[in-house]
Amino acid sequence: MAHWIVDAITLAYQAQGVPCPFRLRAHSTRSVASSWAAGVFLIYLTANGSDSKKLRVEDSMDSPPSRVIHIRKLPNEVSETEVIALGLPFGKVTNILMLKGKNQAFLELGTEEAAVTMVNYYTAVTPQVRNVPVFIQYSNHKELKTDSALNQRAQAVLQAVSAVQEGGSPSSAAGESVLTPAPSPVLRIIIDNMFYPVTLDVLQQIFSKFGTVMKIITFTKNNQFQALLQFSDPVNAQQAKLSLDGQNIYNSCCTLRIDFSKLVNLNVKYNNDKSRDYTRPELPAGDGQPPMDPSVAATLSKDSTSLLGTPSGMVTSYSSGGGFPSSLGAISPLSAAAAAAAAAGRVALSGHTGPGGVLLVSNLNEEMVTPQSLFTLFGVYGDVQRVKILYNKKDSALIQMSDGNQAQLAMSHLNGQKMYGKIIRVTLSKHQTVQLPREGLDDQGLTKDFTSSPLHRFKKPGSKNFQNIFPPSATLHLSNIPENVTEEDLRLLFSNSGGTVKAFKFFQDRKMALLQMSTAEEAIQALIDLHNYDMGRGHRLRVSFSKSTI
């Protein structure tokens, strides 16, 4: 008992970057209450005749959001780079504290929003380091204060990674020893467990987060879909490899295996669905798959296949240990384009079935939310069939989408977003359908059937809406604008939704426009209020989120 108390108190001081008191000891555990200002653990020792202890870890799932993340159950000898890589896909990592003796770490992200996205994602998909499940939760600390003298190696690695994030190059000698310079701007990508099609456009949207994608060649070799992708700078290729290697494009499938290619430049002859040179849009389309440059073919025949972590066709399953349910897989925040492809109705390979299409949405503003507002917002990502706000828990609702792919897409984009001033939580429900109230039963309008709604965006096969699905952003795309409507009219209309219009730009034909609100939350509110707004002369305004900025 005493030894356990000493360990707990020592960990608390380490977490604060404060030296532990010399010769710390714990004596009788009876009638003793031990607490300290570090605030990491609180130990209660009772005096009721039997010694007992209760340990409260600061990072409970009920903790409020914080940009500091607590990571536990890390494997032995894990490196700082591996821990930092857990946070890289979600934003800039600004600090790290490694507690290697306890197999724990604290990771500080640049913004609370990035931390919320990280925790939301890893709540649904079990995070793994070296194939070992780890546990990720918010910390009670709002920022991470570390003693640089005691944390030199971690800080050197962080400096090197930050340099890569910011498009520079690692300057610290310690950092350079961990992150060696990228040998090539060209990445070789293999897609493992490919249950859904992965297109050239999917790859471009995923990898362009890390820098300018100049060229892509896709091909099939040894019955595996592969690609060569060239960045404008080797540093961007290094960052993409560090962040994306091992990530799934879709839930539990389409796993990215990434290595550097021996090529330093790709020779693309055609711009079509198999290859693309984004620097030369004038290239012809050719017929089918373009002939591959001989130097490329020679290099491919020599490239190592050691980055294949599992035999071809085998699905790597996530552990469900530690309370992170493996059945609640979510699409990575980096893979919006891939999710859009799934939502477009591409058929999975034979024998593969996805999860159900019902979502549970919680932490809603029960004073403001309606079935119609949920239909409009979630309808951006799929065709909503039914909505039920729970009678006895009006801050929660069930939303039935057309299929599981659309449910996954909506969850990945809307979980953690602000709606009516509250951060909503979106998870997959155990229900397969949303039941309508019995005939004659008044449920106060909490349930609504939208099956026959004319406002479904995706019911028409091949609709362009499938290619224009983006996460919530401050910029909105407006279409179906009458020719007599002016910029001032639209600015006034959107200002009346409760936000501030920061910028506006008409397209050349003036039937479409981009409009930028102050925040994504304001844009969400405006979309809910004004999508399908009657502009007169039979014109209904169409509003969606845009990836562009003005």
Side-chain angles (χ1 to χ4, degrees), residues 15-16 38-42 56-74 83-97 99 104-127 134-146 158 165 243 322-325 328-334 359-369 377 393 395-397 410-428 471-474 518-525:
Q16 295 296 310
V40 179
F41 290 97
L42 183 59
R56 186 182 73 194
V57 182
E58 66 159 284
D59 303 307
S60 71
M61 292 304 292
D62 295 328
S63 297
S66 165
R67 64 191 185 99
V68 180
I69 304 297
H70 185 198
I71 307 170
R72 299 185 289 120
K73 297 292 184 71
L74 288 164
V83 175
I84 292 171
L86 287 171
L88 271 184
F90 308 96
K92 184 176 182 180
V93 177
T94 53
N95 206 349
I96 181 174
L97 175 63
L99 306 178
Q104 301 185 22
F106 289 85
L107 203 63
E108 179 186 274
L109 278 77
T111 65
E112 187 175 297
E113 289 76 14
V116 168
T117 302
M118 177 178 174
V119 172
N120 285 341
Y121 179 67
Y122 286 134
T123 299
V125 177
T126 306
V134 299
F135 301 92
I136 290 180
Q137 301 166 310
Y138 294 120
S139 168
N140 281 341
H141 300 291
K142 294 303 180 184
E143 63 177 326
L144 196 56
K145 296 180 179 178
T146 55
L158 183 61
Q165 281 184 305
S243 299
F324 290 92
L328 295 184
I331 301 168
S332 163
L334 299 176
L359 297 169
L360 173 63
V361 187
S362 57
N363 201 41
L364 293 164
N365 185 331
E366 58 185 273
E367 300 297 326
M368 301 286 291
V369 72
L377 179 58
K393 190 172 173 51
D395 68 345
S396 299
M411 180 174 69
S412 70
H413 285 316
L414 294 177
N415 185 33
Q417 296 291 340
K418 269 192 175 183
M419 178 183 183
Y420 295 128
K422 299 190 72 173
I423 296 176
I424 63 174
R425 308 297 179 199
V426 185
T427 60
L428 292 175
S473 67
S518 292
T519 64
E521 181 184 3
E522 289 185 4
I524 288 173
Q525 181 66 54

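The figures that follow rest on heavy atoms only: side chains count, while hydrogens, waters and symmetry mates do not.
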Looking at side-chain heavy atoms only, is the closest gap between L414 and M419 below 4.5 Å? no
Shortest non-hydrogen contact between G110 and T94, atoms and distance: CA-CG2, 3.6 Å
Evaluate whether atom NZ of K393 has more than 12 neighbouring non-hydrogen atoms of other residues, nucleotides or ligands under 6.0 angstrom away. no
As an exercise, state the distance from NZ of K92 to CD of E108, rounded to the nearest 0.5 Å. 11.0 Å
Separation between CD (E113) and OG1 (T111), nearest 0.5 Å, reads 5.0 Å
Do you know which two heavy atoms are closest between L86 and P127, and how far apart they sit? CD2-CB, 4.4 Å
Smallest heavy-atom separation, S473 atom then A523 atom, equals O-CB, 3.1 Å
Closest non-hydrogen atom pair between V93 and G87, with its separation: CG2-C, 4.0 Å
Spatial distance of atom CD1 (I423) from atom OG (S362) [nearest 0.5 Å]: 11.5 Å
Do the non-hydrogen side-chain atoms of Y121 and N415 ever get within less than 4.5 Å of each other? no
Just wondering, do I84 and I96 contact through their side chains at under 4.5 Å, heavy atoms? yes
List the steps, then state whether side chain to side chain contact (heavy atoms under 4.5 Å, CB included) holds for F106 with N95. CA-CA 8 Å; F106 289 85; N95 206 349; over 6 Å; no
CD1 on I71 to CD on Q137, rounded to 0.5 Å: 10.5 Å
Do N140 and S66 have side-chain heavy atoms sitting under 4.5 Å apart? no
Y122 side chain near V134 side chain, heavy-atom distance below 4.5 Å: no
Pair Q104, L74 - check side chain to side chain contact (heavy atoms under 4.5 Å, CB included), show working. CA-CA 6 Å; Q104 301 185 22; L74 288 164; 5.5 Å; no
Do the side chains of E112 and R67 get close enough for a salt bridge, i.e. N-O under 4.0 angstrom? no
Check whether any side-chain heavy atom of M118 lies under 4.5 Å from a side-chain heavy atom of L107, and answer yes or no. yes
Just verifying a value: how many Å separate R425 CZ and L359 CG, rounded to the nearest 0.5 Å? 15.0 Å
I69 and Y138, any side-chain heavy atoms less than 4.5 Å apart: yes
Checking N120 side chain against V116 main chain: does a donor-acceptor pair fall under 3.5 Å? yes
For a 4.5 angstrom cut-off between non-hydrogen side-chain atoms, does V426 reach L360? no
Residue list, side-chain contact (heavy atoms from CB on, under 4.5 Å) with N365, at least two apart or on another chain: E367, M368, Y420, K422
